[in-house]
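The model shown is predicted, which means the values in this text are computed figures rather than measured ones. Atoms within a ligand are numbered from 1 in the order they appear, just like the ligands themselves. Counting begins at 1 with the first residue of the sequence.
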Amino acid sequence: MKEAFLYEKLADKKVRCNICPRRCAIPLGKRGYCGTRLNEDGTLYTLIYAKCSSIAADPVEKKPVFHFYPGSQVLSFGTLGCNLRCKHCQNWQIAHARPDEKGSGLTEVSPEYAVDLAKRYDCQGLAWTYNEPIIWFEYTLDSAKLCRGSGLYTIYVTNGYITQEALDMIGPYLDVFRVDIKGFTSELYKELSNVPDFSPILEAAIRARKRWNMHVEAVTNVIPTYNDDENQLRGIARWIKNSLGVNTPWHVTRFIPYLELSHLYPTPTKTLERAREIGFEEGLSFIYVGNVPGHPGENTYCPGCGRLVIERWGYSITKYQIQDGKCQFCETDLNIVGSEVAERKHAT
Ligand code: SF4
């Protein structure tokens, strides 16, 4: 076990974890809400440092991240546990699991070995994904620091429920904050994910962008009867435009019934198309339809001249007409970072 970062010692050998806004006050011998942090004799330990449940080399488009090193491969890591309890979690087998105190059954991958693996498998970066990266903060921070010296980029695929002090510790070492915006009211967040107040998520996304200059992309999994109404979708789109900028990509993805929401139906394509229209009406430039392979809403169109500049099929790029992050036809800036990777890839 490794001693946790960012905790306080309280009376009676209680401790307070300050990694996420739950700020759990954890009694002696108990764990926090996420099940991964144990108070042993008044010291807080993480039970999942370097303990991986899932490792895969994925296209960056699978995160989904469409405007950062498009076409590159990213070595992706997950562990066990989560600081939210989403009723529809697609990765509930790992996200709702509790590690035992030895982390047995999980594969140990040190930060050094993770970097080595990424290079060996020709990946351009590391991503912490599949379950919430914030809960193995210590491991992701140590790994992200190593990436800085190794020429690898770093991605958090996150629910965004992180404290400012944790974000400020890892901010200098993270390149991408791929954040879920699940809805636009606290009632929705409470009902869907047991989050009492979603404002820290919005604040974290803004801080990631403005204080730490991260590349931010937002994802909304559009769930029938939960967040598919005009008010939720328009609220999210307007907030992205006003707080993160018109060129921030917004992915509206198809919900697949899981877990406590197994009784619902998958999101109709028309609903996703309407969400995309709402995004355009609110002034966003890049709105993507997700989990509908072959839909034209997977493509990037230049907001300047309207031409198709990146054509995709699922996670693959089939056409790429961008030069230095700009439209090849009219030179409009498309907020695409690191396009040379894709150019190199597609030139071969
Ligand atoms: S990271 Fe876990 S233990 Fe820490 S505050 Fe969040 S839910 Fe509680």
Side-chain angles (χ1 to χ4, degrees), residues 1-53 77-87 89 91-103 106 128-144 156-171 173-174 177-182 186 189-205 207-208:
M1 294 195 299
K2 182 181 169 72
E3 187 172 355
F5 296 163
L6 288 176
Y7 77 95
E8 303 161 55
K9 299 199 179 216
L10 306 175
D12 303 323
K13 291 201 168 179
K14 263 191 181 177
V15 295
R16 184 183 307 287
C17 173
N18 290 315
I19 295 290
C20 90
R22 288 194 193 279
R23 298 193 190 269
C24 298
I26 308 171
L28 192 61
K30 301 288 187 197
R31 301 183 188 193
Y33 181 89
C34 58
T36 68
R37 292 167 180 271
L38 172 70
N39 176 355
E40 195 170 89
D41 201 26
T43 299
L44 187 64
Y45 292 96
T46 166
L47 302 175
I48 49 173
Y49 187 91
K51 306 285 188 186
C52 302
S53 66
F77 295 87
T79 182
L80 296 181
C82 190
N83 58 349
L84 267 55
R85 266 301 169 277
C86 298
K87 287 183 168 172
C89 183
N91 289 334
W92 60 273
Q93 290 98 331
I94 57 170
H96 292 189
R98 280 166 71 89
D100 68 28
E101 286 167 27
K102 294 194 178 80
L106 299 170
W128 298 282
T129 174
Y130 308 129
N131 70 320
E132 179 50 48
I134 289 164
I135 59 156
W136 60 347
F137 179 77
E138 295 78 6
Y139 175 64
T140 61
L141 178 58
D142 286 352
S143 303
Y156 250 29
V157 177
T158 179
N159 58 41
Y161 201 48
I162 186 170
T163 59
Q164 183 177 311
E165 54 267 44
L167 182 64
D168 286 354
M169 259 179 100
I170 200 164
Y173 310 102
L174 271 188
F177 202 68
R178 217 293 283 128
V179 63
D180 293 337
I181 305 295
K182 296 176 192 292
S186 282
Y189 260 96
K190 177 99 186 97
E191 165 70 13
L192 190 65
S193 306
N194 198 21
V195 170
D197 170 18
F198 78 118
S199 61
I201 295 170
L202 304 184
E203 286 159 16
R207 195 165 178 86

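Residue pairs meeting the salt bridge (charged side-chain N to carboxylate O under 4.0 Å, His left out) criterion with at least one member in residues 24-36, sequence neighbours excluded: R31-E101.
Taking the side-chain hydrogen bond (donor to acceptor under 3.5 Å, both in side chains) definition, one finds that E8 meets it with N18, sequence neighbours left out. Residues passing the side-chain hydrogen bond (donor to acceptor under 3.5 Å, both in side chains) test with D168 are R207, W212, sequence neighbours excluded.
Atoms of the protein (N, O or S only) found under 2.8 Å from atom 6 (Fe) of ligand 1 are C20 SG.
Using cut-offs of 30° and 60° on the angle between ring planes, the pair F198 and Y189 is parallel.
Side-chain atoms of L80 and K51, non-hydrogen and from C-beta on, never get closer than 4.5 Å to each other.
Inspection of the Y130 and S53 side chains reveals no N or O donor paired with an N or O acceptor under 3.5 Å.
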